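To start, the structure under review is shown below, and the notes come after it.
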Amino acid sequence: YIFFQINDTIKIVERDFRGQRNVINLVQGKEIQNFIISQDGKKLYFKGKIGNQAGIFELTLLRF
């Protein structure tokens, strides 16, 4: 998986078993900045605004 940010969107790219690339918008908000992934790869943290909430957010990453 590759995580990257374009403007106020955090995206993820995964490569499936057929060699295809899937690009997914993981987080969309406002003023998204400073995202990091926990050392164990299970959490994504970022600062920004989503709807009426602003601050530091935590997102649990699931693996299929």
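Nothing here was measured: the structure is a model prediction, and the numbers come from that model.
Evaluation of the side chain to side chain contact (heavy atoms under 4.5 Å, CB included) rule for Asn52 yields no partner, not counting sequence neighbours. The salt bridge (charged side-chain N to carboxylate O under 4.0 Å, His left out) test applied to Lys49 returns Glu31, not counting sequence neighbours. Shown here are the side chain to side chain contact (heavy atoms under 4.5 Å, CB included) partners of Asn7, two or more places apart in sequence or in another chain: there are none. Residues meeting the side-chain hydrogen bond (donor to acceptor under 3.5 Å, both in side chains) test with Thr9, sequence neighbours left out: none. By the ring pair (Phe, Tyr, Trp, His ring centres under 6.0 Å) test, Phe35 pairs with no residue at all, sequence neighbours left out. Looking at residues two or more places apart in sequence or on another chain, you find no side-chain hydrogen bond (donor to acceptor under 3.5 Å, both in side chains) involving Asn34. Considering only residues two or more places apart in sequence or on other chains, Arg21 meets the salt bridge (charged side-chain N to carboxylate O under 4.0 Å, His left out) condition with none of them. Every residue was checked against the salt bridge (charged side-chain N to carboxylate O under 4.0 Å, His left out) condition with Lys11, not counting sequence neighbours, and none meets it.
Membership of the apolar cluster around Val13 extends to Ile2, Phe4, Ile6, Val23, as traced through chained side-chain contacts below 4.5 Å between ILVMFWY residues. Alongside Tyr45, the hydrophobic cluster contains Ile36 (criterion: ILVMFWY side chains under 4.5 Å).
Atom CD of Gln33 sits in a crowded spot, with more than 12 heavy atoms from other residues, nucleotides or ligands closer than 6.0 Å.
The stretch residues 33-44 participates, sequence neighbours left out, in these salt bridge (charged side-chain N to carboxylate O under 4.0 Å, His left out) pairs: Lys43-Glu58.
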